[in-house]
Amino acid sequence: RYMRQFAQLTDGQVDELSEYFSAQPPMTAQVDGAQSVGEAIYRSGLPNMSVPACRSCHGAQAQGSGAIPRLAGQHARYLSQRLEVLAATRSSVSSSHLLPPAAAEMVALYLASLGASR
């Protein structure tokens with residue numbers, strides 16, 4: 001229902017909206033003890049499951065680079081869903097995203113907690 005409005009935007013309006021949203025600081029979320037587990041997985045991966053450290057591609061502070069997306073400050077639910085989709089595609093890129101659901105949730109909570117100051 002709401003998406004019809006977006007289909008009528010001009011290229012200039014899309015560019016303006018893109019500039020506006022990309023200039024906004026990342027959100028921060030309140031997290032619980034899962035944050036430290038998620039941080040450990042982000043920084044070290046799960047070697048026993050052949051899952052590399054997320055930071056090896058996304059950066060030490062999850063800032064991303066070029067085609068590698070910034071993860072810091074993204075919504076935890078969005079990140080969990082994206083990890084689920086990537087794991088389901090079974091492509092060469094997604095093979096590094098094969099986290100068990102509970103681990104993916106903890107990493108997502110950690111990443112959501114990262115704000116612009118980190």
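Below, each value reflects all heavy atoms present in this structure, side chains not excepted, and no hydrogens, waters or symmetry copies. The residues of the chain are indexed from 1 along the displayed sequence.
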Inset, instruction - May I ask you to test the Pro100-Leu46 pair for a side-chain heavy-atom distance under 4.5 Å? - result: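 Yes. Closest side-chain heavy atoms under 4.5 Å.
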Legend entry - Side chains of Arg43 and Tyr110 in contact at under 4.5 Å (non-hydrogen atoms):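 Arg43 reaches Tyr110 side chain to side chain.
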Do you know the tightest heavy-atom contact between [X] and [Y]?
{"X": "Leu109", "Y": "Ala76", "value": "CD2-CB, 3.9 Å"}
{"X": "Leu79", "Y": "Ala108", "value": "CB-CB, 3.8 Å"}
{"X": "Ala62", "Y": "Leu111", "value": "CB-CD2, 3.5 Å"}
{"X": "Tyr42", "Y": "Leu71", "value": "CE1-CD1, 4.5 Å"}

Inset, instruction - Determine yes or no for a side-chain-to-main-chain donor-acceptor pair under 3.5 angstrom, with His58 supplying the side chain and Arg70 the backbone. - result: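 No, because the side chain of His58 does not come within donor-acceptor range (under 3.5 Å) of the backbone of Arg70.
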Inset, instruction - Output yes when a side-chain donor or acceptor of Gln13 lies under 3.5 Å from a complementary backbone atom of Thr10, and no otherwise. - result: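 Looks like yes, one N/O pair under 3.5 Å.
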Inset, instruction - Measure the CD-OG distance between Glu39 and Ser44 for me, rounded to the nearest 0.5 Å. - result: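 Glu39 CD to Ser44 OG: 9.5 Å, rounded to 0.5 Å.
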Inset, instruction - To the nearest 0.5 angstrom, please state how far the CG atom of Leu99 sits from the CD atom of Glu105. - result: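 The distance works out to 11.5 Å.
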Legend entry - CD/Glu84: more than 12 non-hydrogen atoms of other groups inside 6.0 Å: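 Check fails, neighbour count at 12 or below.
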Inset, instruction - Quick one: list whatever passes side-chain contact (heavy atoms from CB on, under 4.5 Å) with Ala53, sequence neighbours left out. - result: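 Ala53 satisfies side-chain contact (heavy atoms from CB on, under 4.5 Å) with Arg55 once adjacent residues are dropped.
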Legend entry - Single-linkage hydrophobic cluster, 4.5 Å side-chain cutoff, Tyr78 and Ile41 together: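 Yes; tracing contacts between hydrophobic side chains, which count when under 4.5 Å, links both residues.
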Inset, instruction - Sequence neighbours left out, what passes side-chain hydrogen bond (donor to acceptor under 3.5 Å, both in side chains) with Ser18? Give chain and number order. - result: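 Ser18 satisfies side-chain hydrogen bond (donor to acceptor under 3.5 Å, both in side chains) with no residue once adjacent residues are dropped.
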